[in-house]
Amino acid sequence: MDFNAFKQAVIAAAKAQGVDEYELYYQSGETTSVGVFNHEINEFSSSVSGGVCFRCIVGGHMGYASTEDLSEASAQSLVARAAANAAVLETSEQEFLGEGGKTYEPLDLHPYELPTTEELVDTVLKGEQAVLSADPAVAEGSSASARTSKRVIAIANSKGLDLHYENNTATFSVEAVVTDGTEMANDYKSKSGPFAELDLAELVKEPVEGAKAQLGAGVAPTGSYPVVFAPKAMAGLLRTFSTVFSGETVQRGLSRMGGKEGETVAAPIVTLVDDPFYPESQMPINFDAEGSPAHKKNVVENGKLVTLLYNLKTAAAAGKETTGNAAKASYNATVTVQPFTFYLAPGDLTEEDLLKKAGNGVYINSLGGMHAGANVVSGDFSLQSAGFLIENGEKTRSVKSFTVAGNFYTLLQQITAISDKVELPGFGGISAVGSPAVLVEGLTIAGK
Amino acid sequence: MISRAICEAVLHKAVSTGADYAEIFAENTLDHSINMVAGKVESVNDAVIAGAGIRVYKGLRSVMATTTDTTESGLLRCAQRAAEALGQGAAEIDICLHERLYGDIHPVRIVPSTVSNQSKIDVLKEGCFAAKEYSDAIKQVTGTLLDVDHNILIASSEGLYAQDRQIRTRLMIQAVAEKNGETQTGAARPGRRMGMEMFEHEVNAREAGIHAAKQAITMAGAGYCPAGVMPVAIGNGFGGVIFHEACGHSLEATSVAYGMSQFTGKLGQQIANPKVTAVDDGTIPNAWGSINIDDEGTPAQKNILIEKGILKSYMIDKFNGRRMGMPSTGNARRQSYAFTTTSRMTNTYIAEGEDNNDDIIASIEYGLFAKEMGGGSVNPVTGAFNFAVNEGYMIRNGKICEPVRGAALVGTGSEVIQNIDMVGTQLDMGQGMCGSSSGSIPTNVGQPLIRVSSITVGGR
């Protein structure tokens with residue numbers, strides 16, 4: 001059955017089982033993706049997915065259960081499982097179901113027509129050709145892919161909340177693999193938006209140049225240097241450590257931002273913004289996972305922590321209002337707290353100015369191993385890096401297989417310059433992180 | 001699950017436009033998890049994941065379509081989508097399915113879904129409380145007990161109709177210690193491909209909690225690891241993540257078939273130090289990464305990947321095997337029906353060597369003992385890998401000295417496996433979730449104590 005019919009079945013089951021405070025969260029997606037290798041479409045996939053998460057307050061506790069099987073029998077067991085899961089909880093914090101907001105900011109979705117399957121195929125074949133012919137160093141194995149995605153989110157609860165959201169996106173991605181005969185290197189680029197606006201020849205330049213720049217890389221010297229992080233490297237770092245600004249993380253004693261609202265936590269040039277309507281976001285949305293209105297806010301302003309991020313439960317525990325940051329990692333996950341598009345506000349210097357300011361140091365183009373080399377509790381990180389040496393204010397030879405080490409809480413204070421252009425790398429769904437390039441003093445590089 | 005007759009009809013539809021192979025992968029999974037924070041049960045969640053993925057091949061082209069509607073009509077519509085996407089043509093093969101029964105080499109005595117939440121909470125509390133009570137320096141403990149009941153059915157145009165039930169249980173405890181205003185973490189994450197009987201003889205929840213607490217306290221009192229190139233001894237168990245990242249991923253057909261691996265075309269060649277023999281074995285009874293059959297229905301195998309430094313085998317699935325002209329090695333895996341299957345690891349380890357553990361430590365004048373590793377990642381194209389050291393100690397003059405924190409190891413796979421020049425004798429395994437294009441799957445990593453003669457250590 002479809003979601004609306006299933007919703008009625010679940011509501012009837014809840015009534016029959018004596019569950020009167022409940023919520024359904026529905027998410028569905030339709031994705032078509034096409035990949036090419038050796039001038040032939042080698043992968044095509046068409047997926048339809050979706051499910052319903054049911055949660056209910058029983059005895060003051062919130063139980064969860066979810067399913068992808070939208071049948072009558074499933075509706076009965078969904079309610080029973082969630083109620084049974086609520087029965088064993090031991091938390092003392094008050095649980096909430098959202099009542100929604102009086103108003104929601106209007107959404108400006110700029111809908112565009114998704115490419116047809118034929119257009120997807122045509123674009124990846126042309127994209128592969130563009131990357132293969134971009135440079136003599138490009139190797140077979142370079143590839144292109146394209147996907148379209150239609151997403152629906154709906155929330156309905158016993159407090160009368162009834163919200164619906166739909167959004168479509170189309171994304172083209174290219175991987176450039178280059179070789180100099182002895183070693184290989186690769187780099188990626190993705191772009192979302194109407195395919196009619198894609199300039200393939202232009203788009204493939206960046207990954208081709210990025211991959212070529214890695215060839216023949218030397219080893220960075222070990223020591224403490226000024227470091228310039230490229231926008232995508234800094235965005236990766238911010239994404240990993242964004243949880244330190246979550247009220248939930250703070251209340252669990254897993255972040256050092258606890259009790260710091262109103263205090264200085266970063267250098268005065270640092271302003272961190274959370275914006276659900278960021279223009280380049282692929283999924284701008286005007287309500288959070290509890291149905292509260294979403295809005296733009298400064299989390300850190302000129303170095304001062306303005307607010308942590310909250311949902312209804314963590315806000316109540318802190319004696320505050322929700323910031324509209326309830327989130328779900330997937331439709332079947334429990335509600336947590338997360339930013340929408342989280343970014344470091346731009347400064348007024350160019351990237352070249354940052355290099356000049358650094359003088360002699362290291363430019364880090366990419367960081368790896370975030371899930372392992374960064375400890376979000378202590379703030380310590382030691383991460384695989386690749387990039388360039390900075391000599392006399394300019395990028396010179398490329399370096400790889402080194403690490404950059406520091407502590408995120410200290411790094412916020414060590415930022416001495418910020419470039420003027422925010423980049424939003426990757427395709428993050430509702431949650432995305434962006435950054436300009438930044439100059440940081442006092443980090444340790446481990447190379448040779 | 002889905003009857004043989006329905007599968008035949010759906011496969012007929014799937015090959016109707018000229019596919020030379022078609023496959024149905026249907027799934028019904030129950031994921032259950034209990035979370036504890038600060039001594040209290042914070043959340044209990046369970047999720048039913050149910051759907052099917054239909055793949056068709058023609059030569060080196062593959063098409064997949066997925067659906068959550070596993071009724072006959074839903075599956076037929078899904079097969080129709082796959083067939084249409086493949087192109088236009090007429091059916092060239094016939095379908096006749098025979099049920100195949102594989103023996104279960106991973107018996108489960110206590111199916112987790114038949115155990116009450118309360119009994120599971122008792123186990124979780126035992127672990128979490130043991131960590132909290134270990135020392136006043138432990139400020140926070142979080143714990144998760146999760147179990148997965150993963151039922152799969154695979155039917156293919158080659159006549160296969162087989163089912164498997166994969167049950168897994170895992171306990172995860174993280175402790176946070178604070179000393180002089182510095183916080184550090186410690187963790188234990190034991191898991192098995194078995195049910196709740198895991199806690200009777202294989203895993204002791206209390207010991208797991210104490211392990212996490214001890215590690216957090218040791219690291220909270222530690223100074224930063226110095227940076228530089230040095231010899232490193234890597235402990236057994238989860239230390240095997242070094243092989244998994246530095247070499248394992250680059251031996252998967254998903255990279256090798258496309259020439260996107262440092263090891264493409266190197267079968268029979270010396271790629272590693274002669275001390276290194278490496279194995280991927282999906283048949284170890286009840287091990288975390290074990291399977292009866294892979295997600296294309298091929299029985300799990302024990303594959304010798306590297307024997308005394310010589311490359312013997314890749315890890316191959318059927319589709320990439322076509323491009324390579326090689327048969328499947330039983331390594332086709334996917335997180336769920338919604339992901340496209342590819343070649344993945346199961347239980348991957350460096351086999352026991354002949355070096356005495358004490359000799360390995362004694363051989364290092366100045367270096368690092370990475371007693372317990374964290375996770376890592378690799379770019380198979382370049383071989384550049386990284387992983388974190390969760391618990392490390394300096395070695396001076398052949399002796400293990402003070403603990404150090406914040407260390408990471410980086411390098412290139414083809415180099416590091418040449419530099420593994422001592423291999424100890426006590427093989428142990430550690431459990432992880434491995435992420436790649438076909439999703440997140442359970443894998444074991446393992447090794448005895450090893451020495452890497454020279455590697456870049458990131459610290460400060």
Side-chain angles (χ1 to χ4, degrees), chain A residues 37 40-51 63-69 74 81 84-85 88-91 117 140-141 177 183-186 214 222 252-254 256 332-334 368-369 371-373 375 377-378 380 382-384 386 400-406 444-448, chain B residues 37-38 40-51 60-68 81-82 85 117-118 121 139-140 142 176 182-185 224 227-229 258-260 338 340 374-377 379 381-382 384-388 405-408 410-412 456-460:
Chain A
F37 182 75
E40 215 181 28
I41 298 298
N42 71 322
E43 275 192 42
F44 179 96
S45 89
S46 150
S47 70
V48 180
S49 61
Y64 283 80
S66 60
T67 188
E68 296 182 350
D69 173 11
S74 174
R81 287 187 291 131
N85 288 341
V88 294
L89 301 184
E90 300 171 336
T91 46
T117 300
E140 291 286 332
V177 180
E183 61 172 325
M184 292 194 293
N186 61 337
Q214 297 167 37
T222 298
R252 289 177 176 181
L254 301 176
R256 280 160 51 187
N332 57 17
T334 52
H371 66 293
N375 185 320
V377 178
S378 66
D380 287 340
S382 181
L383 297 164
Q384 177 191 17
K400 66 174 182 183
S401 276
F402 64 94
T403 64
V404 60
T444 308
I445 299 294
K448 63 183 169 193
Chain B
V37 178
K40 287 181 175 165
V41 179
E42 164 107 356
S43 67
V44 181
N45 192 6
D46 63 26
V48 170
I49 293 155
L60 297 178
R61 280 195 296 152
S62 92
V63 169
M64 181 172 89
T66 71
T67 181
T68 51
R81 267 169 37 223
N117 271 331
Q118 201 52 57
I121 288 167
K139 295 299 173 200
Q140 179 62 289
T142 57
V176 180
E182 294 276 358
T183 49
Q184 283 292 320
T185 57
Y224 284 106
V229 176
Y258 297 87
M260 295 295 101
T340 303
S377 63
N379 175 342
V381 172
T382 60
F385 67 79
N386 66 80
F387 29 75
R405 65 166 148 136
V410 299
T412 306
T456 302
V457 176
R460 53 171 151 157

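Chain identifiers are assigned alphabetically (A, B, ...) following the order of the sequence lines, protein sequences preceding nucleic acid strands; residue numbering begins at 1 within each chain.
Within the model, atoms CD of A:Glu43 and CE of B:Met64 stand 9.0 Å from one another, a figure rounded to the nearest 0.5 Å. The distance from atom CZ of A:Arg256 to atom CD of B:Glu182, rounded to the nearest 0.5 Å, is 6.5 Å. Taking CD of A:Gln214 as the reference point, atom CG of B:Asn379 lies at 8.0 Å (rounded to 0.5 Å). To the nearest 0.5 Å, atom OG1 of residue B:Thr183 and atom CG of residue A:Asn375 are 7.5 Å apart.
B:Thr66 places a side-chain N or O within donor-acceptor distance of the main-chain N or O of A:Val48, the cut-off being under 3.5 Å. At distances below 3.5 Å, not a single donor-acceptor pair connects side-chain atoms of A:Asn42 with backbone N or O atoms of B:Leu60. Without hydrogens or angle criteria, A:Glu40 side chain to B:Arg61 main chain gives no donor-acceptor distance under 3.5 Å.
Here the shortest heavy-atom pairing between B:Ala227 and A:Thr444 reads CB-CG2, 4.4 Å. Closest approach of A:Gly368 and B:Asn386 over heavy atoms only: C-ND2, 3.7 Å. Taking both residues in full, the closest heavy atoms of A:Glu140 and B:Met260 are given as O-CE, 3.5 Å, listed atom of the first, atom of the second, then distance. When every heavy atom of B:Ser377 is checked against every heavy atom of A:His371, the shortest pair comes out as CB-CE1, 3.9 Å. Taking all atoms of both residues into account, the shortest heavy-atom contact from B:Gly406 to A:Ser382 is O-CB, 3.2 Å. Here the shortest heavy-atom pairing between A:Thr403 and B:Gly458 reads OG1-CA, 2.8 Å.
Taking B:Gly376, B:Gly259, B:Ala384 one by one and counting their heavy-atom pairs under 4.5 Å with chain A, the maximum is reached by B:Gly376. The most heavy-atom pairs under 4.5 Å with chain B, out of A:Phe402, A:Phe37, A:Tyr64, come from A:Phe37. Most heavy-atom pairs under 4.5 Å with chain A: of the set B:Ala47, B:Gly228, B:Ala388, this distinction falls to B:Ala47. With respect to chain B, the highest number of heavy-atom pairs below 4.5 Å among A:Ala372, A:Ser66, A:Ala65 belongs to A:Ser66. Heavy-atom pairs under 4.5 Å with chain B peak, among A:Val377, A:Asn186, A:Asp69, at A:Asn186. Options A:Ile41, A:Leu254, A:Asp380, A:Thr91 differ in how many heavy-atom pairs under 4.5 Å they form with chain B, and the most are formed by A:Asp380. Each of B:Asp46, B:Thr382, B:Val229 has some count of heavy-atom pairs under 4.5 Å with chain A, and the biggest count is that of B:Asp46. With chain B as the partner, the residue from A:Gly253, A:Gly50, A:Gly51, A:Ser378 showing the most heavy-atom pairs under 4.5 Å is A:Ser378. Ranking B:Asn45, B:Thr185, B:Val63 against chain A, the residue ahead of the rest is B:Asn45, based on heavy-atom pairs under 4.5 Å. Your options are B:Gly459, B:Ala407, B:Ala82, and the one with the most heavy-atom pairs under 4.5 Å with chain A is B:Gly459. Interface check for chain B: of the options A:Gly141, A:Gly373, A:Gly63, the most heavy-atom pairs under 4.5 Å are formed by A:Gly141.
Of the atoms belonging to B:Val176, it is side-chain heavy atoms, and not backbone ones, that fall under 4.5 Å from chain A. Heavy-atom distances place both the backbone and the side chain of B:Ile49 under 4.5 Å from chain A. Of the atoms belonging to B:Glu42, heavy atoms from both backbone and side chain fall under 4.5 Å from chain A. For A:Thr334, the parts lying under 4.5 angstrom from a heavy atom of chain B are both the backbone and the side chain. With a 4.5 angstrom heavy-atom cutoff, B:Phe385 touches chain A only via backbone atoms. With a 4.5 Å cut-off on non-hydrogen atoms, B:Val37 touches chain A through its side chain but not through its backbone. Contacts between B:Thr67 and chain A at a heavy-atom distance below 4.5 Å involve the backbone alone (N, CA, C, O). No part of B:Ala38 comes within reach of chain A, as not one of its non-hydrogen atoms sits under 4.5 angstrom from that chain. There is no contact between B:Phe387 and chain A, counting heavy-atom distances below 4.5 Å. For A:Ala333, the part sitting under 4.5 Å from any heavy atom of chain B is the backbone (N, CA, C, O) and nothing else.
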Worksheet item: What's the verdict on side-chain contact (heavy atoms from CB on, under 4.5 Å) for A:Arg81 and B:Val48, showing C-alpha distance, side-chain angles and the deciding distance?
Response: CA-CA 11 Å; A:Arg81 287 187 291 131; B:Val48 170; 3.6 Å; yes
Worksheet item: So B:Gln118 and A:Val88, side-chain contact (heavy atoms from CB on, under 4.5 Å) or not? Walk me through it.
Response: CA-CA 7 Å; B:Gln118 201 52 57; A:Val88 294; 3.9 Å; yes
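For the residue pair B:Asn117 / A:Asn85, a side-chain donor-acceptor distance below 3.5 Å is found, with atom types taken as modelled.
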